[in-house]
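Along the sequence shown, residues are numbered consecutively beginning with 1. Keep in mind the model is a prediction, meaning the values are calculated, not measured.
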Amino acid sequence: MTEEINTALLAQLRRLADAVERLAGPAPAFNDWDAADCFVWAPLRQHLQPVKRPNRVALTLIRGVDHVRDILHENTVRFAEGYAANNVLLWGARGMGKSSLVKAVHEDVRRESSILLKLVEVHREDIASLPHLLDLLKDTPYRVIVFCDDLSFDHDDTAKSLKAALDGGVEGRPDNVLFYATSNRRHLLPRHMMENEQSTAINPSEAVEEKVSLSDRFGLWLGFHKCSQEDYLGMIDGYADHFKLGLERDKMHAEALEWATTRGARSGRVAWQYIQDLAGRMRVHIDRG
């Protein structure tokens, strides 16, 4: 009888232990910094997912943004070398290479200096988990750029999480971490949110100030504007020369301008889409890296 009771009790304890384990969720994954130079943050597992083949463009192929390219490159070099550097917000026209520039500059600085510089991408829906990520990063021997592409906010809670991460709270942002973000909006918040806050606040100007204060946490604002026809064709020529696409230049320009007209815009993204089409028609293999 006693043996039967013990067996039943052990079975109950096992079921209880299994239930507690399920509630606790998976254990934090092991993060192997040597697995890659770029990672994607997976907050549920507290894991840095290595990216073996990052989707990036060689820095020499990014045209028409020379001024902001040089500023971002210098800021990144200073950070990699352990000197003072600023968080950066790259904002402006879509398709002008904001995220491509971040990834290209990271790779260029890493290769040039052989410094232990890593890039960790955080999806904007995971911004609230930034404190956990920073806690994980602060004890690593690496310099880390935390990167968020297409950053924007639909409610206050996420914006507050980012403010706390940029300011660092009581402990301060880790010295080995810098934050780069891209956005189509300079102040990160939709215009209707700012107008709603202004219309319902007792002091409208203070409400707006509170909303735009998020972008003030970025020491550098780098603006990207719609490119001219000359810059657009310069991008086309740069890609064509790099990939050795032997189409007659006047014909290629005419095709590229027609391509841009059908899409209603001239940008680096549109230029790349045309080059992909041209290379496919010419049966030329291309690799942006």
Side-chain angles (χ1 to χ4, degrees), residues 38 51-76 88-112 119 121 124 147-152 180-186 190-191 220-289:
C38 297
V51 180
K52 300 293 186 181
R53 285 182 55 83
N55 178 26
R56 61 187 170 209
V57 184
L59 189 60
T60 54
L61 290 179
I62 299 178
R63 305 292 180 89
V65 291
D66 295 2
H67 180 60
V68 293
R69 176 200 64 202
D70 293 344
I71 294 174
L72 185 67
H73 192 276
E74 170 62 19
N75 192 70
T76 307
V88 183
L89 175 64
L90 300 89
W91 69 276
R94 68 183 192 277
M96 283 303 296
K98 298 184 291 294
S99 60
S100 295
L101 185 60
V102 171
K103 291 179 282 189
V105 164
H106 162 257
E107 175 63 8
D108 189 72
V109 172
R110 187 192 66 80
R111 281 186 177 178
E112 277 187 358
L119 182 73
E121 182 171 7
R124 64 180 176 182
F147 170 53
C148 184
D149 190 23
D150 195 22
L151 182 62
S152 62
Y180 287 1
T182 71
S183 177
N184 293 334
R185 298 186 288 262
R186 188 164 85 174
R191 180 176 295 276
L220 282 177
W221 292 358
L222 301 181
F224 289 69
H225 308 285
K226 293 180 180 179
C227 64
S228 65
Q229 178 172 302
E230 180 182 359
D231 287 337
Y232 173 71
L233 293 177
M235 295 171 187
I236 297 293
D237 291 343
Y239 280 132
D241 293 342
H242 180 81
F243 296 121
K244 298 180 173 54
L245 302 178
L247 187 64
E248 194 272 324
R249 186 119 321 181
D250 287 343
K251 181 178 180 181
M252 183 174 65
H253 283 183
E255 284 188 4
L257 291 173
E258 182 181 359
W259 184 275
T261 299
T262 62
R263 278 144 189 82
R266 294 187 297 262
S267 70
R269 181 180 297 141
V270 171
W272 172 246
Q273 289 168 345
Y274 167 72
I275 288 296
Q276 284 183 300
D277 180 76
L278 176 61
R281 286 188 279 122
M282 298 181 71
R283 300 300 190 268
V284 174
H285 292 287
I286 57 177
D287 182 356
R288 294 195 292 180

Report summary line: What one should report as the nearest heavy-atom pair of F147 and S99 is CZ-CB, 3.7 Å
Report summary line: G268 and M235 have their tightest heavy-atom pair at CA-SD, 3.5 Å
**Report entry** Spatial distance of atom CG (D231) from atom OG (S267) [nearest 0.5 Å]
**Finding:** 12.0 Å
Query raised in the report: Any donor-acceptor pair under 3.5 Å linking the side chain of R249 with the backbone of G246?
Result: no
Query raised in the report: Do E121 and V51 have side-chain heavy atoms sitting under 4.5 Å apart?
Result: no
Query - Option passing side chain to side chain contact (heavy atoms under 4.5 Å, CB included) with L101 (candidates L72, T182, V57) - result: L72
Requested in this report: Look at atom CZ of R94 and say whether more than 12 heavy atoms of other residues, nucleotides or ligands are closer to it than 6.0 Å.
Outcome: no
Report summary line: Smallest heavy-atom separation, K103 atom then N55 atom, equals NZ-O, 2.8 Å
Query raised in the report: Should the heavy atoms of other residues, nucleotides or ligands under 6.0 Å from CD of E258 be counted, would the total exceed 12?
Result: no
Query raised in the report: Taking the inter-plane angle between the rings of H225 and W91 on a 0 to 90° scale, is it parallel (under 30°), tilted (30 to 60°) or perpendicular (over 60°)?
Result: perpendicular
Query raised in the report: In Å and rounded to the nearest 0.5 Å, what is the CZ to CG distance from R110 to L119?
Result: 11.0 Å
Report task. Please name the pair of heavy atoms, one in F224 and one in L222, separated by the smallest distance, quoted to 0.1 Å. Result -> CD1-O, 3.4 Å
**Report entry** Beyond-backbone contact of L257 with Q229, side-chain heavy atoms, under 4.5 angstrom
**Finding:** yes
Query raised in the report: Are any of the side-chain heavy atoms of I236 and W259 separated by less than 4.5 Å?
Result: no
Report task. Verify, without hydrogens or angle tests, whether S183 (side chain) and L151 (backbone) share a donor-acceptor contact under 3.5 angstrom. Result -> yes
Query raised in the report: Hey, does W272 have a side-chain heavy atom less than 4.5 Å from the side chain of L61?
Result: no
Query raised in the report: In Å and rounded to the nearest 0.5 Å, what is the CG to CZ distance from D108 to R69?
Result: 9.5 Å
Query - I275 vs L245, side-chain contact (heavy atoms from CB on, under 4.5 Å): CA-CA, chis, key distance, verdict - result: CA-CA 9 Å; I275 288 296; L245 302 178; 4.1 Å; yes
Query raised in the report: So, K226 side chain and A265 main chain: donor-acceptor pair closer than 3.5 Å or not?
Result: no
Query raised in the report: Can you find a heavy atom in the side chain of T76 that is under 4.5 Å from one in the side chain of H106?
Result: no
Query raised in the report: Distance from L278 atom CG to L247 atom CG, nearest 0.5 Å?
Result: 5.5 Å
Requested in this report: Could you please spell out the steps behind the side-chain contact (heavy atoms from CB on, under 4.5 Å) verdict for L59 and E107?
Outcome: CA-CA 8 Å; L59 189 60; E107 175 63 8; over 6 Å; no
**Report entry** Passing option when K98 is tested against D150, V65, D149, N184 for side chain to side chain contact (heavy atoms under 4.5 Å, CB included)
**Finding:** N184
Query - Shortest non-hydrogen contact from Y232 toward C227 - result: CB-SG, 4.0 Å
Query raised in the report: About how many Å separate OH of Y274 and CE of M252, when rounded to the nearest 0.5 Å?
Result: 6.5 Å
Query raised in the report: Under 4.5 Å between any side-chain heavy atoms of E255 and R281, yes or no?
Result: yes
